[in-house]
Amino acid sequence: MSAMGGAWDTHESIGVEPAIVEITDIADQPSKSGALRCPHCSCIGRRRTSREITPTHREIYYQCSNMFCGHAWRASEHYDWGLTPSAIPNPKVDLPLRVPTRQEVLEMLRPAGDPAQPELFGPASNPFEPPG
């Protein structure tokens, strides 16, 4: 009962069990949409709005999908580097490409069919060619 003497604020007074909200550990489950998870309850955050700061940086506003949590936050998305160059690059934007590792450079420079370096699975065969 409340300090005012009313019985309307207790679950026992009307015979209703209080709702128990159990938040399971879903942080281990991957997000299929790639959305961010709430840092408090680990539920998926809904992307509410976003705005472009530069062509390589965007601010995104999220809201937790758990109505009992209600957390809202701002996140940033930015371009780190390209993996391959664009076929139609924008001349107004200078975007760095990822520097390949030493091993990747060696693989690119290794001549195909080098007898000193046997292929792992042998020579490639054409599946459309009849055996013979």
Side-chain angles (χ1 to χ4, degrees):
M1 295 191 56
S2 71
M4 303 286 281
W8 49 267
D9 61 347
T10 63
H11 295 288
E12 293 83 19
S13 64
I14 57 174
V16 176
E17 291 293 321
I20 298 174
V21 178
E22 181 180 334
I23 300 173
T24 59
D25 185 20
I26 60 171
D28 296 335
Q29 298 174 4
S31 169
K32 293 179 183 173
S33 66
L36 290 180
R37 292 192 179 274
C38 175
H40 297 288
C41 69
S42 299
C43 289
I44 292 176
R46 290 191 182 114
R47 189 178 205 164
R48 303 308 293 174
T49 186
S50 69
R51 68 183 182 112
E52 185 178 276
I53 306 300
T54 68
T56 61
H57 182 214
R58 188 172 231 18
E59 281 184 348
I60 307 160
Y61 293 84
Y62 286 91
Q63 183 177 15
C64 182
S65 61
N66 179 353
M67 69 179 173
F68 296 106
C69 176
H71 181 62
W73 68 96
R74 183 183 79 184
S76 291
E77 181 177 65
H78 71 277
Y79 179 95
D80 287 328
W81 61 76
L83 300 175
T84 60
S86 172
I88 51 170
N90 183 348
K92 298 177 186 175
V93 181
D94 181 31
L95 302 174
L97 286 175
R98 183 182 66 89
V99 178
T101 65
R102 182 177 185 275
Q103 184 62 36
E104 291 171 335
V105 171
L106 291 174
E107 289 294 323
M108 288 186 269
L109 295 176
R110 184 174 68 104
D114 184 1
Q117 298 290 326
E119 294 296 324
L120 183 61
F121 298 107
S125 61
N126 185 350
F128 301 107
E129 201 172 279

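Source: prediction; values computed, not measured.
- The closest side-chain heavy-atom distance from Cys43 to Cys69 is not below 4.5 Å.
- For Thr54, the side chain to side chain donor-acceptor pair (under 3.5 Å) test picks out Thr56, with sequence neighbours left out.
- Rounding to the nearest 0.5 Å places CG of Asn66 at 11.5 Å from CD1 of Ile44.
- For residues 74-103, there are no ring pair (Phe, Tyr, Trp, His ring centres under 6.0 Å) pairs, not counting sequence neighbours.
- Nearest heavy atom pair, residue Leu97 against residue Pro85, reads CD2-N, 3.8 Å.
- The side-chain contact (heavy atoms from CB on, under 4.5 Å) search around Ser86 returns Ile88, Pro89, not counting sequence neighbours.
- Within the structure, salt bridge (Lys or Arg N to Asp or Glu O under 4.0 Å) pairs that include any residue of residues 69-79 comprise Arg47-Glu77, Glu59-Arg74 (at least two apart or interchain).
- Nearest heavy atoms, Trp73 versus Cys64: CZ3-N, 3.9 Å.
- For Glu107, the side-chain contact (heavy atoms from CB on, under 4.5 Å) partners at least two apart in sequence or on another chain are Gln103, Arg110.
- Here Ala72 pairs with nothing under the side-chain contact (heavy atoms from CB on, under 4.5 Å) rule; sequence neighbours left out.
- The two residues Arg37 and Ser42 make their nearest non-hydrogen contact at NH1-O, 3.0 Å.
- For the ring-ring contact (aromatic ring centres under 6.0 Å, His included) test, residues two or more places apart in sequence or in another chain that qualify with His40 are His71.
- For the side-chain contact (heavy atoms from CB on, under 4.5 Å) test, residues two or more places apart in sequence or in another chain that qualify with Arg48 are Arg46, Gln63.
- Within the structure, the salt bridge (Lys or Arg N to Asp or Glu O under 4.0 Å) test picks out the following pairs touching residues 85-104 (sequence neighbours left out): Arg98-Glu104.
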